[in-house]
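Letters go in sequence order (proteins before strands), and every chain restarts at 1. In this text, all values refer to a predicted model and were calculated from it rather than measured experimentally.
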Amino acid sequence: GAGVSQSPSNKVTEKGKDVELRCDPISGHTALYWYRQRLGQGLEFLIYFQGNSAPDKSGLPSDRFSAERTGESVSTLTIQRTQQEDSAVYLCASSLATVMNTEAFFGQGTRLTVV
Amino acid sequence: KNEVEQSPQNLTAQEGEFITINCSYSVGISALHWLQQHPGGGIVSLFMLSSGKKKHGRLIATINIQEKHSSLHITASHPRDSAVYICAVILSARQLTFGSGTQLTVLP
């Protein structure tokens with residue numbers, strides 16, 4: 001597609017349920033990032049995928065969070081046993097290589113509300 | 001102290017005014033991004049720069065690596081420029097570190 005696509009755009013879930021967020025990066029982009037933005041706060045790094053290398057999971061806040069990406073395709077971010085503090089906008093970005101060298105393109109985000 | 005500091009946090013301007021948003025960072029970097037976040041949450045990359053100056057339309061970004069400072073300028077501001085502007089620096093090969101953003105409101 002022309003840009004980074006995320007789905008769903010909005011998700012309301014009950015506390016304790018699992019949710020799965022999807023990101024379709026720009027075709028050919030080897031690098032994919034997940035960020036989180038809580039209401040009124042800045043962007044937080046969650047996880048980074050680069051090609052077939054082991055992902056950098058250093059930003060994941062707890063073991064309830066996991067993410068997968070097969071090759072250079074779609075990525076899914078899964079949050080298990082959601083808590084109210086997980087409510088945030090989850091943003092995905094992709095770039096041709098690392099952000100050292102190329103621009104990052106962001107999706108529109110998934111707004112997650114845990115009630 | 002945050003690694004990336006933006007100022008001002010909030011800025012209100014009249015249409016047509018020249019606007020400057022500043023970004024300072026505390027560690028050496030190789031490049032910096034300016035991002036624009038629209039009210040609906042979507043983020044657009046405006047510039048990525050590692051030295052000097054870049055211009056795109058009414059937007060100008062400058063960076064001084066030695067002084068650890070970057071500025072984003074908007075000439076002839078317009079209400080549609082109203083958004084949050086975010087400075088992000090590249091501290092490692094893997095991720096961006098973001099400033100807290102500047103909320104810009106341009107009044108007609």
Is it the case that one hydrophobic cluster holds both B/Leu11 and B/Val106, taking links as side-chain heavy atoms less than 4.5 Å apart, direct or via other members? yes
Please round to the nearest 0.5 Å and tell me the distance separating atom OG of A/Ser95 and atom CE of B/Met48. 9.5 Å
At what distance, to the nearest 0.5 angstrom, does CG of A/Leu43 lie from CG of B/Leu35? 8.0 Å
So with a 6.0 Å cut-off around CD of B/Gln9, is the heavy-atom count from everything else above 12? no
Quick check on A/Gln83: does its CD atom have over 12 non-hydrogen neighbours (other residues, nucleotides or ligands) under 6.0 Å away? yes
Nearest heavy-atom approach of A/Ala104 to B/Ser45 is O-CB, 3.4 Å
Between atom CZ of A/Phe106 and atom CD of B/Gln36, what is the distance when rounded to the nearest 0.5 Å? 12.5 Å
A/Val4 reachable from A/Leu32 in the ILVMFWY side-chain graph, under 4.5 Å edges: no
Taking the ring centre of each residue, are B/Phe98 and A/Tyr35 less than 6.0 Å apart? yes
Are A/Leu60 and A/Leu112 connected in the hydrophobic side-chain network, where two residues link if heavy atoms are under 4.5 Å apart? yes
Distance in Å, A/Gln37 CD paired with B/Ile86 CD1, rounded so as to fall on 0.5 Å steps: 6.0 Å
